[in-house]
Amino acid sequence: FLDLLPDGTGGKLSGPLFEGARTNIPYKRKYTLEFYNVGALKGEQYAEATLKIETIATGNGKISTKELSPKLQPPLIQKDAETRPDFKVKEYKLKFSGGPFGKFTYKEGDTEIKMSMSSDGKNVVFDLPGYSTKPLVLEDQNAFETWMKAVGKPVAAKQKMLDLINEHKHTVPIAGAILLLAGVAAAAFIIWKYGKGKLLPH
């Protein structure tokens, strides 16, 4: 369960409740990650990755309201909310090192995100707590198969990988995944991009 924070995102309210505060909201999360498969291996212009985290309310939760008590005092009480709240989408610009063993990083203020490719480029996992504990599984489990056969493990020479990238042999189609979070299916999409911002068709 989450509360609706004053900035419109989901979290836990601290301090006394205020009138209209929305609390105890059941939810699921959808993760969308967009990045160039080559990442920083091809250059800084390909290193940027975008992570969007959508919190979707699955119930109404509670709302704080003032009502007259028998002593004519108006204390705040929690009532069942009659409408479902909307959460603001969080968006982060990460840096991706590139390739099937690449790392994603983000740090601003108190917020830090670290993610890693895993299983030879078949999954993406969060390396820090506070996010999905399930891997983001690529729908196309063979997305890096050719790359892996040609380049192999990270101990392979970086120049060999760069040569293959420059030959434009390893663009990867859009891939998607479905996560199971707390028994609720939530879509999680990994979208691969290559070239000058061109998205390959689904």
Side-chain angles (χ1 to χ4, degrees), residues 1-2 9-11 25-42 44-58 86-108 110-154 161 165 170-195 197-202:
F1 295 92
L2 287 179
T9 61
I25 305 162
Y27 71 99
K28 63 181 179 181
R29 283 216 166 112
K30 174 183 174 182
Y31 296 83
T32 305
L33 182 63
E34 296 183 4
F35 57 103
Y36 292 95
N37 58 345
V38 293
L41 290 171
K42 182 68 174 175
E44 279 302 309
Q45 68 269 37
Y46 298 99
E48 183 176 282
T50 301
L51 173 66
K52 293 181 181 178
I53 303 177
E54 298 178 63
T55 301
I56 303 164
T58 58
D86 289 323
F87 290 99
K88 183 179 178 181
V89 176
K90 289 186 175 182
E91 183 172 310
Y92 305 94
K93 297 297 183 183
L94 291 73
K95 295 295 183 183
F96 177 50
S97 60
F101 304 98
K103 302 286 186 181
F104 299 85
T105 55
Y106 174 89
K107 181 72 168 73
E108 184 173 327
D110 295 332
T111 302
E112 184 174 15
I113 300 172
K114 291 184 178 181
M115 306 171 72
S116 301
M117 300 296 301
S118 69
S119 303
D120 294 347
K122 295 180 179 180
N123 302 333
V124 180
V125 296
F126 284 96
D127 298 327
L128 295 177
Y131 304 96
S132 174
T133 57
K134 304 284 187 180
L136 308 186
V137 181
L138 291 183
E139 185 177 68
D140 179 5
Q141 288 289 285
N142 298 317
F144 273 113
E145 183 177 12
T146 304
W147 186 314
M148 289 300 302
K149 286 180 179 178
V151 181
K153 299 293 184 179
M161 184 179 287
I165 290 169
H170 297 287
T171 57
V172 184
I174 291 175
I178 297 294
L179 296 181
L180 195 64
L181 300 179
V184 178
F189 297 97
I190 312 298
I191 301 176
W192 300 84
K193 300 187 293 185
Y194 188 83
K198 181 180 179 182
L199 278 173
L200 296 176
H202 198 293

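- Pairing each heavy atom of Pro26 with each of Phe1, the nearest pair is N-CD2, 3.6 Å.
- Between Ser116 and Lys103, the shortest heavy-atom distance links the atoms OG-NZ, 3.0 Å.
- Summarising the geometry, atom NZ belonging to Lys28 is positioned 5.5 Å from atom CD1 belonging to Ile56; distances are rounded to the nearest 0.5 Å.
- With values rounded to the nearest 0.5 angstrom, Met115 atom CE is found 10.5 Å from Leu128 atom CG.
- Across all non-hydrogen atoms, the minimal contact from Gly102 to Ser97 is CA-OG, 3.2 Å.
- The OG1 atom of Thr55 lies 12.5 Å from the NZ atom of Lys88; values are rounded to the nearest 0.5 Å.
- Note on Glu54 versus Lys52: no salt bridge recorded, every NZ/NE/NH1/NH2 to OD/OE distance being 4.0 Å or above.
- Once rounded to the nearest 0.5 Å, the distance linking CZ of Phe96 with CG of Leu33 reads 8.5 Å.
- The number of heavy atoms from other shown groups lying within 6.0 Å of CD (Gln45) is above 12.
- Note that CD1 of Ile53 and CD1 of Ile113 are 5.5 Å apart. Values are rounded to the nearest 0.5 Å.
- Of all heavy-atom pairs spanning Lys93 and Tyr106, the tightest one is O-CD1, 3.1 Å.
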Could you go step by step and tell me if Phe126 and Tyr31 meet the ring-ring contact (aromatic ring centres under 6.0 Å, His included) rule? CA-CA 11 Å; Phe126 284 96; Tyr31 296 83; 5.3 Å; yes
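- What you find for Thr111 and Tyr92 is that their closest heavy atoms are CG2-CE2, 3.9 Å.
- For the atom pair Thr32 OG1 and Glu34 CD, the distance stands at 7.5 Å (nearest 0.5 Å).
- Looking at Leu2 and Arg29, their side chains come closer than 4.5 Å, going by heavy atoms from C-beta outward.
- For Lys114, the NZ atom is loosely surrounded, since the number of other residues' heavy atoms within 6.0 Å does not exceed 12.
- Contact check for Phe104 versus Val124: side-chain heavy atoms found under the 4.5 Å cut-off.
- Side-chain contact check for Phe35 versus Leu94: every heavy-atom pair is 4.5 Å or farther apart.
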